[in-house]
Amino acid sequence: MLSAPSQFGAGMPLQGRFWQVAVPAVTANVGYWATLSLNIPDFSRYAVSQRAQLLGQAAGLPPAMALFSFVGLAVTSATVVIYGVPVTDPVQLLSRMQQPLAVCVSLFGLMLATLTTNIAANVVAPANAIVNVAPRAVSFTTGGVITALLGLCVMPWRLMASSGGFVNWLVAYSALLGPVVGVVAADYHLVRRRRLHMDDLYSMSPEGQYWYQVSHATIWVFTRVGGAASGHQRMTELHCH
């Protein structure tokens, strides 16, 4: 398994195409982490201090992602040795196994991992955002249900039809989220020097620090639209196919 030649080596299918594969792959990972960057305040606000949330994320996220990435690469490489072809889909891999007990245990773990990951990473933030739109009428549970229905409208089964289509979706998604993260990060670190006025964050008064006029909003809108336009065409192509 570990002696398998590089797909970018001489005579291999991807010879001389390293950067054509590496750049979209890195961009896809940026899109993945951009989502967590926008969502992480929904969790870090419960930390007792800035140091606590920094240590928690530093100890929890990079090692876990490195470990799971290694497991994914190792298992996929092993399928080439065992079955002769790479099997990247865990469900397809389980369908090739012959031991019923191992299949049942693995499927239970897969379902548990999918539910816990989606609830933590993909439901909490949009559910809170929906609640904030009408907090008196919408509860967190209702916001979670609305999020699930919106998720169905995206048709994720079409995005997962192929690994290439999923990577293309992440690339387009990162183009949509990149401007948002850039504006938020620049405003917090460069403009406000990491200092926020807590009362004004929740104030609707025009005298508040975060009451934006047209001049400020226009810059944000142009930045947002510029980034969204670059990913819109690709996202449209993915759904058309």
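Along the sequence shown, residues are numbered consecutively beginning with 1.
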With a cut-off of 3.5 Å and sequence neighbours excluded, list every side-chain donor-acceptor pair involving residues 136-156.
| unit_1 | atom_1 | unit_2 | atom_2 | d |
| --- | --- | --- | --- | --- |
| S139 | OG | T142 | N | 3.3 |
| S139 | OG | T142 | OG1 | 3.1 |
| T147 | OG1 | G143 | O | 2.8 |

Show me the donor-acceptor pairs within less than 3.5 Å that the side chains of residues 47-68 make with the rest of the protein, sequence neighbours left out.
| unit_1 | atom_1 | unit_2 | atom_2 | d |
| --- | --- | --- | --- | --- |
| S49 | OG | A52 | N | 3.1 |
| Q50 | OE1 | Q53 | NE2 | 3.2 |
| Q53 | OE1 | Q57 | NE2 | 2.4 |

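Using modelled atom types, no side-chain atom of T76 and backbone atom of L73 make a donor-acceptor pair closer than 3.5 Å. Panel note: side chain T79, backbone V87; a donor-acceptor pair is recorded below 3.5 Å.
Note: the hydrophobic cluster containing W19 also contains V21 (ILVMFWY, side chain heavy atoms under 4.5 Å, direct or indirect links). Residues L93 and V71 share a hydrophobic cluster, clusters being chains of Ile/Leu/Val/Met/Phe/Trp/Tyr side chains in contact below 4.5 Å. Under the 4.5 Å side-chain heavy-atom criterion for grouping Ile, Leu, Val, Met, Phe, Trp and Tyr, V105 is not connected to M97 through any hydrophobic cluster. Residue L112 is not grouped with residue V103 when hydrophobic side chains (ILVMFWY) are merged at heavy-atom distances under 4.5 angstrom, including chains of intermediate members.
Closest heavy-atom contact between L94 and S106: CD2-CB, 3.3 Å.
With a 6.0 Å radius and a threshold of 12 heavy atoms from other residues, nucleotides or ligands, R194 has its CZ atom at or below the threshold.
Screening residues 94-104 for side chain to side chain donor-acceptor pair (under 3.5 Å) gives no qualifying pairs among residues at least two apart or on separate chains.
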